[in-house]
Amino acid sequence: MTYITSWEEFAKAAERLYQADPVKCRFVVKYRHCDGKLVLKVTDDQVCLQYRTEHAQDVKKLEKLNSLMMRLMATKQA
């Protein structure tokens, strides 16, 4: 599996993937303390988007994306 290198590209693609089919979309966050790596994965079993980072500054970006995803999940889509 390949990783998206640009945060902005990953965040926009993750939002589009969720909005395309909210029922099938999954958002996974994995942190490995021994490696100091944070891996984000968004998938709908057809498309898999991944982003990997070792920078502590990216945690704020993760919080922002997580907030956006929760907001999208909480609003009803007709």
Side-chain angles (χ1 to χ4, degrees):
M1 289 185 213
T2 59
Y3 291 89
I4 297 175
T5 56
S6 165
W7 173 260
E8 290 77 18
E9 183 182 335
F10 173 77
K12 287 179 184 177
E15 183 179 357
R16 282 193 307 264
L17 186 62
Y18 176 78
Q19 288 178 338
D21 193 357
V23 174
K24 288 187 177 182
C25 191
R26 293 190 311 276
F27 179 57
V28 179
V29 179
K30 183 166 62 168
Y31 177 71
R32 289 183 42 94
H33 181 70
C34 60
D35 298 336
K37 291 183 182 178
L38 179 68
V39 177
L40 308 173
K41 180 178 174 182
V42 181
T43 184
D44 67 353
D45 294 330
Q46 299 281 324
V47 178
C48 182
L49 307 171
Q50 290 186 315
Y51 179 79
R52 176 177 50 200
T53 185
E54 297 175 3
H55 303 289
Q57 303 95 334
D58 289 340
V59 173
K60 285 287 185 191
K61 294 176 184 175
L62 165 63
E63 288 176 2
K64 201 171 178 183
L65 177 64
N66 197 28
S67 174
L68 171 69
M69 296 296 271
M70 289 297 184
R71 202 171 326 121
L72 290 172
M73 290 176 190
T75 58
K76 280 193 170 183
Q77 306 245 343

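Scope of the values below: all heavy atoms of this structure, side chains included, with no hydrogens, waters or symmetry mates.
When every heavy atom of K41 is checked against every heavy atom of C48, the shortest pair comes out as CE-SG, 3.5 Å.
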Can you give me every donor-acceptor pair (side chain of residues 25-34, partner residue at least two apart or in another chain, under 3.5 Å) with its distance?
unit_1, atom_1, unit_2, atom_2, d
R26, NH1, D45, OD1, 3.1
R26, NH1, D45, OD2, 3.4
R26, NH2, D45, OD1, 3.1
R32, NE, D35, OD2, 2.7
R32, NH2, D35, OD2, 3.1

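Among residue pairs with one or both ends in residues 47-69, those qualifying as ring pair (Phe, Tyr, Trp, His ring centres under 6.0 Å) are W7-Y51, F10-Y51; sequence neighbours excluded. The stretch residues 5-18 participates, sequence neighbours left out, in no salt bridge (charged side-chain N to carboxylate O under 4.0 Å, His left out) pair at all.
Looking at residues two or more places apart in sequence or on another chain, you find a side chain to side chain donor-acceptor pair (under 3.5 Å) between T53 and D58. Looking at residues two or more places apart in sequence or on another chain, you find no salt bridge (charged side-chain N to carboxylate O under 4.0 Å, His left out) involving D21. The side chain to side chain donor-acceptor pair (under 3.5 Å) test applied to T5 returns no partner, not counting sequence neighbours. By the side-chain contact (heavy atoms from CB on, under 4.5 Å) test, E63 is found to be paired with V59, K60, residues two or more places apart in sequence or in another chain being considered.
Note: L38 CG to R52 CZ = 11.5 Å, rounded to the nearest 0.5 Å.
Of the candidates T43, L40, T2, L17, L17 is the only one forming a side-chain contact (heavy atoms from CB on, under 4.5 Å) with L49.
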